[in-house]
There are 2 protein chains.
Amino acid sequence: MSLKHVILTLIHQAPSTGYEINKSFEQKIGYFWHASHQQVYQELAKLKKTEMLTCEHKPQTDKPDKKIYSITVKGRDELRKWLHQSLPEKKYKDILLVRLLSADLLPLDKLCEQIQKAAEFEQHRLDEFLHIQKQCYSDEQKKYLSALDKRLFINMRKGILLAEAELAWAKEALETLQN
Amino acid sequence: MSLKHVILTLIHQAPSTGYEINKSFEQKIGYFWHASHQQVYQELAKLKKTEMLTCEHKPQTDKPDKKIYSITVKGRDELRKWLHQSLPEKKYKDILLVRLLSADLLPLDKLCEQIQKAAEFEQHRLDEFLHIQKQCYSDEQKKYLSALDKRLFINMRKGILLAEAELAWAKEALETLQN
DNA sequence: CCTAGCATGTAAGCCGTTACATGATTGG
DNA sequence: CCAATCATGTAACGGCTTACATGCTAGG
């Protein structure tokens, strides 16, 4: 229900192509919203058909042609409406926690391996965030953030706090399981 | 892809009815895996058709009839196979963080309200977990946990750690936004 | 009397994944 | 020469949501 609005948000910030939007999902946006490139192109087509976006075809000679999407008044209205709606309830899905329940079919060492691997993934994530924090948000820089940069900073902080919590949990879990 | 396995896990622990499984999703399982009752009934039908489950019809006089599902050898094999597969990558979806990006269309006070409300929701979740922790896992009780209870304890701890991280983030976010 | 609990589903439609598809240019 | 980057999609299928549907009993 919301990929639509994520895309509208991105194009509201600046007109862009499907390719650029996909780049965002692979990089920074991907940290808090996942989407595949196929899904993005399908959604763009839908948003064009419902007149939330307009599309300008731009031929290129050395590279494949581009389609540059811009948001319409109708699209901006839709986005504004959505932003003011209250948040739907979160739908938790954590496979590792499900696996923990299947006690006797998954041996302890295999389970610990999986937790370990998940922890490594989170550590990697955390390192990336910490790197960004160091690069872009020194104490000095933090004093002069624009409204948008401030909000980006807050997003990154959530990435850090959640990754840290995941890591703390993994450590604790392994200790409890192996004692 | 995994509701199937969540249900198999539950029925592997003990034969049950669709109604009971739905109760689990509304209560403890719901903390880390969401599913609607329609989805559960549909999945049960599918699992029966593919011979992962058998079904015993049990008429009742004072209440509606029941269908008691049990796991088959094939079902257990499928579950075991799934448990040994490596975890798929997590797909993050956090609407609040998307809304933070749409700077100029959502006024600061509205945004803060939404963060506040999300924080209250997390606080409620945390309180529930802390209540369970107090009831079921005193220091004394923790010494004598069965293998399964230990794993349940670990699950609850994740609920606590993540809820705390969400709360810490919300507090920090509100401060940053309002300074 | 009305609500909550017990107990089960079907149908339509949208959302998301997986597989398939093309083809030029640039840099190592 | 090979891989990566640029740039776009279609088709089939499966997962999940939303709306609709039924009907009895016990308790306040």
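Each chain gets a letter, A, B and so on, in the order the sequences are listed, and its residues count up from 1.
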Original post:
Closest to the B:Q39 side chain: D:dT8, D:dA21, D:dT17?
Top reply: D:dT17
With heavy atoms under 4.0 Å as the rule, sort [X] into base, sugar-phosphate or nothing.
X: B:K46; result: sugar-phosphate
X: A:K58; result: nothing
X: A:F25; result: nothing
X: B:N22; result: nothing
X: A:H34; result: sugar-phosphate
X: A:Q38; result: base

Calculate the interatomic distance between [X] atom [atom1] and [N] atom [atom2]; express it in whole Å.
X: B:Y19; N: D:dC24; atom1: OH; atom2: P; value: 17 Å
X: A:K67; N: D:dC6; atom1: NZ; atom2: P; value: 19 Å
X: A:I68; N: D:dC6; atom1: CD1; atom2: C1'; value: 14 Å
X: A:E20; N: D:dA7; atom1: CD; atom2: P; value: 8 Å
X: A:D65; N: D:dA7; atom1: CG; atom2: P; value: 10 Å
X: A:Y41; N: D:dT8; atom1: OH; atom2: P; value: 4 Å
X: A:I21; N: D:dT8; atom1: CD1; atom2: C1'; value: 13 Å

If only side-chain N and O atoms count, and only distance matters, is there a donor-acceptor pair under 3.5 Å linking [Y] with [X]?
X: B:N179; Y: B:E175; value: no
X: B:E56; Y: B:Y69; value: no
X: B:H34; Y: A:E89; value: no

Original post:
Remaining members of A:F121's ILVMFWY cluster at a side-chain heavy-atom cut-off under 4.5 Å?
Top reply: B:Y92
Original post:
Would B:K158 and A:D94 pass as an ion pair if we require N to O under 4.0 Å?
Top reply: yes
Original post:
Are any of the side-chain nitrogens in B:K90 or A:E166 under 4.0 Å away from the carboxylate oxygens of its partner?
Top reply: yes
Subject >> OP1 or OP2 of D:dT17 under 4.0 Å from side-chain N/O of A:K91 >> reply: yes
Original post:
Start at the 5' end of DNA chain C and walk down; is the nucleotide closest to A:K4 or to B:A45 reached first?
Top reply: B:A45
**OP:** Find which nucleotide of DNA chain C each of B:T17 and B:Q42 is nearest to by heavy atoms, and output the residue with the more 5' nucleotide.
**Re:** B:T17
Original post:
Parallel, tilted or perpendicular: which fits the ring planes of B:H5 and B:W82, with parallel below 30° and perpendicular above 60°?
Top reply: parallel
**OP:** Check every nucleotide of DNA chain C for an atom under 4.0 Å from a heavy-atom of chain B, then give the first and the last such nucleotide from 5' to 3'.
**Re:** C:dG5 to C:dT17
